Asker: 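Input: one structure, supplied below.
What you see is a predicted model, and the numbers here were worked out from it, not measured in a lab. Order of listing sets the numbers, starting from 1, for every ligand and every atom in it.
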Amino acid sequence: MIDLRSDTVTQPTEAMRKAMMTAVVGDDVYDDDPTIRELERFVADLLKKEAALFVPSGTFGNQLCLMTHTKRGDEVIVGHDSHIMAHEVGASAVIAGVQLRQIESSGGRFDIDTLKGYIREEDIHYPDTGLICMEQAHGDGSVMPIDHMKKIYDLAKEHDIPVHLDGARLFNAAAALDVKACELAKYTDSLTFCLSKGLCAPVGSMVVGSKDFIKRAKKYRKLMGGGLRQAGFLAAAGLIALNEMVDRLKDDHDLAKYMASKLEEFSNIEVIKDRLDINMVFFKMTGVDEEQFISDMYDKDIKINGTEDGEWRFVTNHDVTKEHVDYTIETMKALI
Ligand SMILES: *Cc1c(COP(=O)(O)O)cnc(C)c1O
């Protein structure tokens, strides 16, 4: 099967499978897992932060950061179309007990004056603004300039408010901007990124921040049921992900651009070109029955998702080749 649904569907590489097989492990709740320790040290150094923590998923990492930064009843400012807002099952109300205040976002960018107005002043009636969250790369396929992250970060610091970055695809963003990931990590107090998406590790995300922040987060991780035992098997794959899979992310981006150029040739397809920064192609398509199209594609060995907000999304990844893309385009031509 050719799977264009997401980059979460990637299979671990041979090198990862071998590394998992031979990983030296221990009980990480007792701080006894050398491979987890190695991964956490490696990540902290890579992003030039003090400390890092392995967590089971990106959602877990984001919600853990919200809980660690805030107290119950705080207000957290997030983009209206952010993952934390729309794709985490309302967890912030359940776990951190905070209220989310949505700010209109375009590709992760906020209007800075609007953001300024959203920061609460001291008043007995008001919740405290406990955190501002950014998302980069954004789930809509776009990457914001570093300068914009800096503006948000500087404003937050003026008001002594912490900043969290949902960097599930941090390394895709860094590749798109042609900078090192640590350049993006500069403008946030905490961040989460996924080892399990385009980087191909089977499971896991990392939370990164100051030593004190990670110490507190570690206790909450236990509270949330994320204290893992011989997790070094997963860390072994994570280390390979960071050592071997980062530099090739730009191949996924190039392939997405190639696929977009082919989709553009269809008269019933409109590719959304201003969000073509990473490994995702968003497009609108008229004249097809959605259910039928998905099922016809499946019969031709191509897995795709249905539309969200009227848009289709095809995602490239390590397991998708140029031949797969050509076959997909040929199949679509025949079907349409
Ligand atoms: C995938 C993703 C997450 C969380 O990922 P899971 O590991 O699936 O929980 C968070 N934020 C963004 C923007 C994502 O794309």
Asker: Might you confirm whether atom CG of Asp289 has over 12 heavy atoms from other residues, nucleotides or ligands at distances under 6.0 Å?
Answerer: yes
Asker: Is it true that His69 and Ser190 share a donor-acceptor pair across their side chains at a distance under 3.5 Å?
Answerer: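 There is such a pair (donor and acceptor under 3.5 Å, judged by atom type) between the side chains of Ser190 and His69.
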Asker: Side chain or backbone of Asn62 under 4.0 Å from ligand 1, or both, or neither, by non-hydrogen atoms?
Answerer: side chain
Asker: Any nitrogen or oxygen of Lys197 lying under 3.5 Å from a nitrogen or oxygen in ligand 1? Just yes or no.
Answerer: yes
Asker: So is His138 close enough to ligand 1, meaning a heavy atom under 4.0 angstrom away?
Answerer: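 Contact check His138 vs ligand 1: negative.
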Asker: Arg101 versus Tyr118: any side-chain heavy-atom pair under 4.5 Å?
Answerer: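 Yes, their side chains come closer than 4.5 Å.
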Asker: Hey, is Thr59 touching ligand 1 through its side chain, its backbone, both or neither, going by heavy atoms under 4.0 Å?
Answerer: both
Asker: Indicate yes or no: does Glu330 engage Lys300 in a salt bridge with an N to O separation below 4.0 Å.
Answerer: no
Asker: To the nearest 0.5 Å, tell me how far Ser205 OG sits from Leu53 CG.
Answerer: 11.0 Å
Asker: With a cut-off of 4.0 Å, which atoms of ligand 1 are near a heavy atom of Ser57?
Answerer: 7 (O), 9 (O)
Asker: Of the protein's non-hydrogen atoms, which lies at the shortest distance from atom 10 (C) of ligand 1, and what is that distance?
Answerer: His83 ND1, 3.2 Å
Asker: Quick test: of every protein heavy atom, which one is nearest to atom 13 (C) of ligand 1, and how far off is it to 0.1 Å?
Answerer: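 Here the nearest protein heavy atom works out to Glu135 OE2, 3.3 Å.
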Asker: N/O to N/O below 3.5 Å, does that happen between Glu88 and ligand 1?
Answerer: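 In this structure, Glu88 places no N or O atom under 3.5 Å from an N or O of ligand 1.
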Asker: Quick check on side chain to side chain contact (heavy atoms under 4.5 Å, CB included): which of Val78, Asn62, Leu191 does Asp166 satisfy it with?
Answerer: Asn62
Asker: Can you confirm whether something in the protein, heavy atoms only, sits under 4.0 Å from atom 8 (O) of ligand 1?
Answerer: no
Asker: Let's go through Tyr258 and Leu263 carefully: what are the C-alpha distance in whole Å and the side-chain angles of both, what is the deciding distance for side-chain contact (heavy atoms from CB on, under 4.5 Å) to 0.1 Å, and is it a yes or a no?
Answerer: CA-CA 9 Å; Tyr258 172 73; Leu263 288 169; over 6 Å; no
Asker: Do Phe54 and Leu195 make a side-chain contact, defined as non-hydrogen atoms from C-beta onward lying under 4.5 Å apart?
Answerer: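 Touching, per the 4.5 Å side-chain cut-off.
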Asker: Distance to 0.1 Å, residue and atom name: give those for the protein heavy atom nearest to atom 11 (N) of ligand 1.
Answerer: Asp166 OD2, 2.6 Å
Asker: Under 3.5 Å between any N/O of Phe60 and any N/O of ligand 1: does that happen in this structure?
Answerer: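 In fact, backbone or side chain, Phe60 has no N or O that close.
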Asker: Going by the order shown, which atoms of ligand 1 are within less than 4.0 Å of some heavy atom of Arg169?
Answerer: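 Those qualifying, in numeric order: 15 (O).
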Asker: Which option, Gly61, Ser82, Gly58, Gly139, owns the non-hydrogen atom nearest atom 5 (O) of ligand 1?
Answerer: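 The residue whose heavy atom sits nearest atom 5 (O) of ligand 1 is Gly58.
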Asker: Under 3.5 Å, N or O to N or O, is Ser205 touching ligand 1 that way?
Answerer: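 Between Ser205 and ligand 1, no N or O pair is found under 3.5 Å apart.
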Asker: For His83 and Glu135, test the side chains for any donor-to-acceptor distance below 3.5 angstrom and give the result as yes or no.
Answerer: no
